[in-house]
Asks: 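Starting off with a structure, shown below.
Here is the naming used below: chain letters follow the sequence lines, and residue numbers restart at 1 for every chain. These numbers come from the heavy atoms of this one structure, side chains and all, not from hydrogens, waters or symmetry mates.
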Amino acid sequence: MPEAESYSWAEQVEAGEDGALPPPTEEFNESSGIKTVKEYKHNEDGKVVKVSTRERRKAPKSIAIRKTWRKFGAAERDPPGPNTSNTIVQVEPFYMQFIHNAEQVDQETEEDPLAKLKNQKLVSCRICKGDHWTTKCPYKDTLAPLQEKLQEGEKTAEAPGGAPGTPAPAAASAQPKTGKYVPPSLREGGSKGRGETMQSKRDESATIRVTNLSEDTREPDLQELFRPFGPIQRIYLAKDKNTGVSKGFAFINFHRREDAARAIAGVSGFGYDHLILNVEWAKPSGTN
DNA sequence: CATGAGCGG
């Protein structure tokens with residue numbers, strides 16, 4: 001709130017001869033975050049008054065507090081404030097544009113969105129466009145989708161007169177003029193073999209399934225029971241997802257298949273709690 | 001009796 005004060009004699013002296021007013025002063029109190037501006041104006045009666053305006057800092061106090069932090073590391077001896085040799089202070093707000101799906105943006109027309117969905121598969125693998133989720137894509141093993149694409153490419157190449165405006169989908173993947181990501185295994189010459197670093201699934205070859213467990217058997221119990229046969233990689237005790245109650249069976253993943261085999265021989269038929277355990281080789285999950 | 005969970009355009 002601007003407030004007018006009477007113009008003191010001492011200050012009158014500072015005013016210039018020709019009625020010019022003294023320049024405004026401005027001071028900033030760092031701890032309170034309040035800026036005080038004092039300036040001189042003529043009021044309605046033509047008299048000179050001093051107007052002081054106080055304004056609270058708009059930036060959050062947390063910023064002011066951060067400014068008081070000591071610098072450290074290579075910047076330890078830097079003077080306060082940003083070092084212009086390695087820091088850019090952006091005063092203007094800056095806006096970022098997020099593009100969620102470039103293809104969608106490109107194809108954005110007035111056509112009915114439902115029509116678009118119509119001939120679309122429910123799921124489509126991002127890698128091979130197959131009829132499954134990407135995480136399960138076995139493209140390294142079966143290159144059928146890629147080969148289909150290549151065949152399509154050959155067809156369009158053989159028919160140079162056909163549909164000039166229509167881009168061939170295979171051409172896009174063969175020549176990366178679209179900025180689209182192509183996984184290494186699908187890039188040119190990448191058609192052979194799987195990547196050495198990528199195991200396609202968990203190794204289930206040393207996994208056994210234990211059934212007929214009593215409901216109060218816990219994972220540590222299983223650990224104790226099977227440890228004698230060899231190092232164990234993982235134990236999974238099936239539980240109801242909501243109640244946490246054991247479903248009475250479990251999977252034991254050994255490091256070595258031979259240990260698993262001995263565990264089957266040793267524990268199957270073993271009386272545990274009041275039940276007789278059944279142990280067999282596990283089948284990989286997802287066998288519907 | 002019984003073959004794990006989760007992520008998701």
Side-chain angles (χ1 to χ4, degrees), chain A residues 97-109 111 113-140 145-146 149 169 172-173 178-183 185-186 198-227 231-255 257 259-261 263-265 267-288:
Chain A
Q97 184 185 10
F98 297 99
I99 296 178
H100 302 284
N101 186 337
E103 276 181 325
Q104 224 167 36
V105 171
D106 286 345
Q107 296 165 356
E108 205 66 79
T109 54
E111 70 184 278
L114 286 178
K116 242 192 274 180
L117 292 173
K118 243 176 204 169
N119 48 8
Q120 217 167 357
K121 276 177 262 172
L122 287 184
V123 298
S124 167
C125 175
R126 285 173 179 148
I127 295 166
C128 71
K129 309 294 181 209
D131 205 357
H132 53 255
W133 292 111
T134 306
T135 45
K136 294 181 179 173
C137 180
Y139 63 83
K140 289 187 194 61
L146 173 63
K149 270 189 173 182
S173 67
T178 71
K180 217 167 172 181
Y181 174 73
V182 178
S185 57
L186 291 185
M198 187 109 139
Q199 73 272 21
S200 54
K201 264 278 161 97
R202 188 201 315 287
D203 180 25
E204 292 285 297
S205 64
T207 303
I208 58 176
R209 182 187 57 146
V210 190
T211 57
N212 215 28
L213 289 163
S214 86
E215 267 193 8
D216 32 53
T217 304
R218 316 264 157 228
E219 276 175 33
D221 303 328
L222 294 167
Q223 153 97 295
E224 221 172 292
L225 180 62
F226 286 98
R227 196 171 37 198
I232 294 169
Q233 208 167 48
R234 194 177 71 117
I235 291 181
Y236 181 88
L237 174 60
K239 299 191 264 262
D240 183 285
K241 198 167 174 288
N242 304 115
T243 67
V245 179
S246 165
K247 293 208 269 199
F249 66 95
F251 297 95
I252 318 292
N253 207 303
F254 284 92
H255 283 277
R257 188 171 166 85
D259 294 339
I264 292 174
V267 180
S268 199
F270 182 76
Y272 194 71
D273 279 349
H274 53 285
L275 299 170
I276 293 176
L277 297 184
N278 180 38
V279 187
E280 8 177 6
W281 291 110
K283 291 190 285 236
S285 79
T287 313
N288 305 346

Asks: What integer distance in Å separates A:N278:CG from B:dC1:P?
Replies: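 Atom-to-atom, A:N278 to B:dC1, this comes out as 8 Å.
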Asks: Rounded to whole angstroms, how far apart are CG on A:D240 and C1' on B:dA2?
Replies: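 It works out to 14 Å between those atoms.
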Asks: Rounded to the nearest Å, what distance is computed from the CG atom of residue A:N242 to the P atom of nucleotide B:dG4?
Replies: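 From A:N242 CG to B:dG4 P: 16 Å.
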Asks: At a heavy-atom distance below 4.0 Å, what parts of residues 208-218 of chain A sit against DNA chain B?
Replies: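 Going residue by residue through residues 208-218 of chain A, the ones with a heavy atom under 4.0 Å of DNA chain B turn out to be A:R209, A:T211, A:N212.
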Asks: Check the angle between the aromatic planes of A:F226 and A:F254 and answer parallel, tilted or perpendicular using the 30° and 60° thresholds.
Replies: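 Perpendicular: the ring planes of A:F226 and A:F254 meet at over 60°.
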Asks: Run the salt-bridge test on A:E219 and A:K239 with the 4.0 Å N-O cut-off and return the result as yes or no.
Replies: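 Yes, this pair counts.
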Asks: How many Å lie between CZ on A:F251 and C1' on B:dG4, as a whole number?
Replies: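 One finds 5 Å between C1' of B:dG4 and CZ of A:F251, rounded.
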Asks: Rounded to whole angstrom units, what separation is found between the CZ atom of A:F249 and the P atom of B:dA5?
Replies: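 Spelled out: CZ on A:F249 to P on B:dA5 is 7 Å.
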Asks: Measuring only between side-chain heavy atoms, which start at C-beta, is A:E204 closer than 4.5 Å to A:N253?
Replies: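 Yes; the side chains approach each other to less than 4.5 Å.
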Asks: When the ring planes of A:Y272 and A:F270 are compared, do they come out parallel, tilted or perpendicular, using 30° and 60° as the limits?
Replies: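 A:Y272 and A:F270: tilted rings.
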Asks: In whole angstrom, give the distance that lies between atom NZ of A:K247 and atom C1' of B:dG4.
Replies: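 The answer, rounded to whole Å, is 8 Å.
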Asks: Using heavy atoms to find the nearest nucleotide of DNA chain B for A:K239 and A:G248 separately, return the residue whose nucleotide is more 5′.
Replies: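 Its nearest nucleotide lies further toward 5', so the answer is A:G248.
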Asks: What residue among A:L213, A:I232, A:V267 forms side-chain contact (heavy atoms from CB on, under 4.5 Å) with A:L222?
Replies: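 Going through the options one by one, the only one that passes is A:L213.
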Asks: Between P on B:dA2 and CD1 on A:I252, what's the gap in Å once rounded to a whole number?
Replies: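 One finds 18 Å between P of B:dA2 and CD1 of A:I252, rounded.
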Asks: Does A:N212 reach the main-chain N or O of A:I276 with its side chain, forming a donor-acceptor pair under 3.5 Å?
Replies: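 At least one qualifying donor-acceptor pair exists.
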Asks: A:N253 CG to B:dG4 P: how many Å, rounded?
Replies: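 Going from A:N253 (CG) to B:dG4 (P), I get 15 Å.
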